[in-house]
Amino acid sequence: MLLSGERVRSRLVTKVEEMSGQRVLGCYQCGKCTAGCPMASFMDPVPHGVMRLLQLGQVSRAMRTAAVWMCASCHSCASRCPRGVDLARVMESLRLLILRGGEPKVRPEGLPAELLMRAPQQALVSCARKYQG
Amino acid sequence: MKVAYFPGCSLHSTAREYDQSVRAVAPALGVQLITVEDWNCCGATSAHSLDPVLSLALPARNLARAQAAGHQVVVAPCAACFNRLKTALCQLEEGGEAAQTIQKVVGFRFHGGLQVKSLVQLFWEDVGVGAIRRRVCRPLEGLRVACYYGCLLVRPPEVAAFDDPEHPRAMDDLMAAIGAEPTSWAAATECCGASLSLVRGQVVERLVSTILAWAQRAGAEAVVTACPLCQSNLEMRRPAHIKMPIFYFTELMGLALGLPDVKRWMRAHLVDPAPVLSRFYPGVGARRGG
Ligand code: SF4
Ligand code: SF4
């Protein structure tokens, strides 16, 4: 891949930075976020890998990662990052970018009825917010 | 002590036993709960609000109602509601354009001087461990519990601003006050998978089985939580061979305080609490969907 100033500081990177209020170059790739992420084993790339993609201007690739949807917004990464990067917010901004661009990821009518009966209300609300914007 | 009570949606649906136990335990400890009149959903966003106005207007409206009723403290038993209400409070206190817009959208003027606390926090900071201990009439001696804080009770630390985000002990202190033995364990602040339970059940099953395995390894007989979603995930997504009951901290407090309705709350549990609790309360048992 050919790196260039424009590629790294693309319009989308600026958008992610604006939405999340985080500077992607603030991350120094220590991996502490990944070390504590409960979802890391279901992600490829892992959280600091997503940050790396963003640093390289690869926002579209970052938007296609499983990490974006696997992220449970547990805030472990954000509360532990030695550089004060709030990765939970970065993930949220990637989800919003995707949702604003198109279809909701999950439709409530597609969920099993038994689950909808049993799950606490807050799961339904936050699930809808996460997957439908 | 009078406080504004924000029950939240879950406590009105699947977590009714949490609501009932909260409403019984608080007055027994001298806390008068006054439900926020005409409260609305806190919005339960999946992460921080990226659009502060949209996502904070909902919780801010509840703060406006509490302020109008002259309250100083708003207490939320649910960890997620606590997080949303507190985030809204922080934004209002910070001021600036976002705070102005939120007040305009909601149609109120924020005066300041309002506090938002989780119920764990209120019991720990304001009621106090000593006062709780003095009221215990049925100490849960020898009951080994793993206190599970999960994410939103203590994180993000700048919002929750309560206890230690990595090694919290408030709930452990409350359990010790009622005679139980809180164990030291590794998964106290791990994530249960939250709403991924709806769309990625298997992933949550793996997380839950790790959490419960840690609890077992630490010698716990039960897990104690303050969050309806943690409670439901841990019971619903557990591996079949682990039959560990998951209690709301208020349920065990109610038991230790000798409150009459304990049996009713316990009926709603998916995992029968009888094997763990019958030595303190003969006849306590689960009946599905009760
Ligand atoms: S913990 Fe912070 S600095 Fe370290 S890799 Fe993660 S985001 Fe970057
Ligand atoms: S907020 Fe998301 S990325 Fe960060 S630790 Fe939790 S699950 Fe992982």
Side-chain angles (χ1 to χ4, degrees), chain A residues 16 18-22 36-43 66 69-81 84 86-97 99-100 105-108 110-112 114-133, chain B residues 8-15 18 41-51 55 78-81 83 150-152 154-160 165-166 187 189-204 206-207 210-211 227-233 235-236 270 289:
Chain A
V16 170
E18 259 174 36
M19 288 169 78
S20 65
Q22 310 301 306
C37 174
M39 298 298 174
S41 56
F42 309 100
M43 295 173 172
W69 298 106
M70 275 297 162
C71 167
S73 300
C74 75
H75 301 279
S76 294
C77 50
S79 62
R80 291 175 188 168
C81 172
D86 192 332
L87 186 43
R89 280 186 90 120
V90 173
M91 292 289 195
E92 180 78 353
S93 64
L94 292 172
R95 283 193 290 270
L96 280 182
L97 269 182
L99 291 172
R100 282 178 191 175
K105 294 297 267 193
V106 168
R107 293 184 182 280
L111 295 171
E114 216 238 339
L115 193 55
L116 291 179
M117 291 288 296
R118 276 269 155 79
Q121 204 75 31
Q122 76 198 83
L124 307 178
V125 179
S126 79
C127 182
R129 295 288 290 260
K130 175 175 176 183
Y131 293 97
Q132 302 183 318
Chain B
C9 309
S10 296
L11 274 77
H12 267 222
S13 52
T14 52
Y18 192 16
C41 171
C42 71
T45 28
S46 62
H48 294 71
S49 49
L50 293 181
D51 181 337
S55 62
C78 163
C81 298
N83 168 275
C151 304
L152 297 178
V154 287
R155 283 196 299 265
E158 68 277 12
V159 171
E166 298 291 347
T189 59
E190 284 298 311
C191 175
C192 71
S195 67
L196 274 173
S197 190
L198 292 182
V199 285
R200 301 301 294 257
Q202 282 169 338
V203 168
V204 174
R206 272 195 39 197
L207 296 180
T210 311
I211 292 168
C227 171
L229 192 45
C230 295
Q231 201 279 342
S232 129
N233 278 353
E235 277 203 341
M236 212 163 61
L270 295 176

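Here is the naming used below: chain letters follow the sequence lines, and residue numbers restart at 1 for every chain. On a predicted model such as this, the values are computed, not experimentally measured, just so you know.
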In terms of heavy-atom proximity below 4.5 Å to chain A, should [X] be classed as side chain, backbone, both, or neither?
| X | answer |
| --- | --- |
| B/C78 | side chain |
| B/Q231 | neither |
| B/C230 | neither |
| B/L198 | both |
| B/C41 | side chain |

Could you tell me whether the side chain of [Y] reaches within less than 4.5 Å of the side chain of [X], counting heavy atoms only?
| X | Y | result |
| --- | --- | --- |
| A/M19 | A/L94 | no |
| A/M39 | A/C74 | no |
| B/R155 | B/N83 | no |

Heavy-atom pair count under 4.5 Å with chain A, highest-scoring of [options]:
| options | answer |
| --- | --- |
| B/P157, B/P165, B/S10 | B/S10 |
| B/C191, B/G150, B/S197 | B/C191 |
| B/A15, B/A80, B/C151 | B/C151 |

(request) Return the set of residues passing side chain to side chain contact (heavy atoms under 4.5 Å, CB included) with B/E190 (not counting sequence neighbours), or none when no residue passes. (result) A/P38, B/A187, B/I211
(message) I'd like to check the side chain to side chain contact (heavy atoms under 4.5 Å, CB included) partners of B/S232; sequence neighbours left out, ordered by chain and number.
(response) A/P120, B/M236
(request) Just do the salt bridge (charged side-chain N to carboxylate O under 4.0 Å, His left out) check on A/E92 and A/R95 with the steps written out, would you? (result) CA-CA 5 Å; A/E92 180 78 353; A/R95 283 193 290 270; 2.6 Å; yes
(request) Verify, without hydrogens or angle tests, whether A/Q22 (side chain) and A/V90 (backbone) share a donor-acceptor contact under 3.5 angstrom. (result) no
(message) With a 4.5 angstrom heavy-atom cut-off, is it the side chain or the backbone of A/M91 that approaches chain B, or both, or neither?
(response) neither
